[in-house]
Protein chains: 2
Amino acid sequence: MSGPHHDTGPDGGQALGPQQLGAYFALMEAVSMLQHQVEQQLRTEGDISYVQFQLLARLATADGPLTMTQLADGVVYSRSGLTYQAGLLEKAGLITRGPSPDDERATLVAITEDGQALFGRVLPGHTEVTHRLLFEPLTDDDVHHLGDIMTRVRDHMRAQPPRSAAPRKRRPSPVSSPLPSAQA
Amino acid sequence: MSGPHHDTGPDGGQALGPQQLGAYFALMEAVSMLQHQVEQQLRTEGDISYVQFQLLARLATADGPLTMTQLADGVVYSRSGLTYQAGLLEKAGLITRGPSPDDERATLVAITEDGQALFGRVLPGHTEVTHRLLFEPLTDDDVHHLGDIMTRVRDHMRAQPPRSAAPRKRRPSPVSSPLPSAQA
DNA sequence: CCGTCGTGCTTCGAAGTTGAAGCAATTACG
DNA sequence: CGTAATTGCTTCAACTTCGAAGCACGACGG
C-alpha cells in the first residue's frame, strides 16, 4: 500500500502513470456524458438548464430566501451569470427577487410555488437519469468508494489556495450543500 | 425503450440514498473545480481553451491527420462547435485543414510543428495541475478504484442506446427564455 | 455629519456553444 | 447511368457565460 505520494518528478514535472491517465480520462468523459444527458432530461421535462435546476434546488431546500451571493456560491463562477439566470427564472415566475429589509443593496431571492412545483416535477427524472447512467453499473461498495474518494478530492481542492489574488473578498460561510453545487 | 423496472416508489422514480447523493455531488463539484483550474492553467500558459487543448492532444497522439468528425468525437457535442474551434486553431497556425484525397467532402486536420510545440509546452502544466488537485490526496489504491469505477461507468454510458432511436417527437418547443409554467 | 472605502448587484461587450438550415460530394438502388 | 437518400462540413441566429466597469448602499474614521 502506498500512501498519497506526490513526489516532484525528476524532470521537473509530475508524470502521470498509465493508471492515473486512465482514471483521469474515464472520469472526465463519464462526467461530461452524464452532464449532457442530465441537461437533455431537464430541458425535455422542465425546459430548464442544469444551472437553473441547481438554483431552484438550492432555493427549494433552503430555509428561507437567499441573497444573490449565497445563491451563486458553487453554481456559477461569476455574479453576472447569476444575474442573467435569475432574470430568466424571475421572468418565468419561478422565483421572486426583492430587496432585503436589512441591507438594501442586497437582493433576496425566493422560490415561488410554481418554482417548487417545477422542481418537484423534474426531480424524479433527474434522479432516474442519474441512477440509470451512473449508479446502475456500480455496487454499493463502489458507490461508497467513489463517494469517499471524490469527497476527499473535493475537500482537497477547496483547501487549495487560489493561484492568483482574490479579486474580491470571499465569503467564508460554507453552507452545507444539500444539493448539487458545481463548483466554488 | 424502458429500462430496468426497479420501482421503489409510487411516483415511479428511483430514490437515491444518502450515500449515492453524496457521491454524486462530490463527483460533480470536484470535476467542475478541476475543469476550471485546468482551463485557467491552459489559458495562462498557452492561451488556449480546454477544448482546444483536447483537440491538439488528439492530433498530437494520432498517427496521421484526422477528419473533422473523428476529431470531434468525444470532445464536442456539435459539429459546428468544432468548425469554430478548428477555425481558431488554423488561424493561430497550430493546425492545418485540407481536403481528403479519398472523400472530397471530408476535411483532414493535421497538427503543425507550432501546434506540437505548444502542446508540449502546456502539457507539463496540465499534468501538474491534475496531479496537484486530483491525485495528490489519493493513494495508488484509490486511483486504481477510481479508474475501475469510472471506466465501468463510461462504458455503461456508451452502451446506452440514444434516446432518439425510435420514439417520435413529442413536443418540439425549444423555448429557453420563457419557461412554460405548464400546469401538467 | 462627511468623505472614503468596501460590499452587493447589475449592465455591457466579447467569446464560445448549440441546433437548424444549407451546400457539396458520395453511396444506394433501380 | 440517374435519381434519391446519406454523409461531412460550414454558415447562421439565438443563447449563455465571463470579466470589467459602474451604480447604490453600508460601515468607519475624522
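Within every chain, numbering begins at 1; the chains are lettered A, B, ... in the order of the sequence lines, protein sequences first and strands thereafter.
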Nearest-angstrom distance from the residue atom CD of E39(B) to P of dT17(C):
9 Å
Do S32(B) and Y77(A) have side-chain atoms, one donor and one acceptor, less than 3.5 Å apart?
yes
Quick check: does any side chain N or O of H156(B) sit under 3.5 Å from a backbone N or O of R132(A), one acting as donor and the other as acceptor?
yes
Using atom types as modelled and distance alone, determine if a side-chain donor or acceptor of E45(B) lies under 3.5 Å from a backbone N or O of L42(B).
no
Value in whole Å for how far the C1' atom of dT11(D) lies from OH of Y84(B):
14 Å
Taking CG in D155(B) as the centre, count heavy atoms belonging to other residues, nucleotides or ligands within less than 6.0 Å. Is the count above 12?
yes
Would you state whether a donor and an acceptor, one from the side chain of S78(B) and one from the base of dG19(C), lie under 3.5 Å apart?
no
Sub-4.0 Å heavy-atom contacts from residues 99-107 of chain B onto DNA chain D, ordered by number
R105(B), A106(B), T107(B)
Looking only at non-hydrogen atoms, find the nearest pair between L34(B) and T130(B) and report the distance.
CD1-CA, 4.4 Å
d(CG, L82(A); P, dT16(D)) in whole Å
14 Å
Rounded off to whole Å, could you give me the CZ-to-P distance for the R43(A) and dG19(C) pair?
11 Å
Please classify the nucleic acid contact of T67(A) as base, sugar-phosphate, or nothing, using heavy-atom distances under 4.0 Å.
sugar-phosphate
Round to the nearest Å and state the distance from D73(B) atom CG to dC9(D) atom C1'.
16 Å
For a quick check under 3.5 Å, do D142(A) and T139(A) share a side-chain donor-acceptor pair by atom type?
yes
Separation of dT16(D) P from Q54(A) CD (nearest whole Å)
15 Å
Rounded to whole Å, how long is the line connecting atom CZ of R79(B) with atom C1' of dG22(C)?
17 Å
With heavy atoms under 4.0 Å as the rule, sort L88(B) into base, sugar-phosphate or nothing.
sugar-phosphate
Should Q85(B) be listed as having a side-chain N or O under 4.0 Å from OP1 or OP2 of dG16(C)?
no
Reading DNA chain C from 5' onward, which residue's closest nucleotide shows up sooner: Q52(B) or T83(A)?
T83(A)
For S80(A) and for A86(B), find the nucleotide of DNA chain D with the closest heavy atom, then tell me which residue's nucleotide is more 5'.
A86(B)
Could you tell me whether the side chains of T69(A) and R79(A) share a donor-acceptor contact shorter than 3.5 Å?
yes
Quick one: does T69(B) reach the base of dG8(D) with a side-chain donor-acceptor pair under 3.5 Å?
no
Rounded to the nearest angstrom, tell me the gap between atom CG in L66(B) and atom C1' in dG8(D).
15 Å
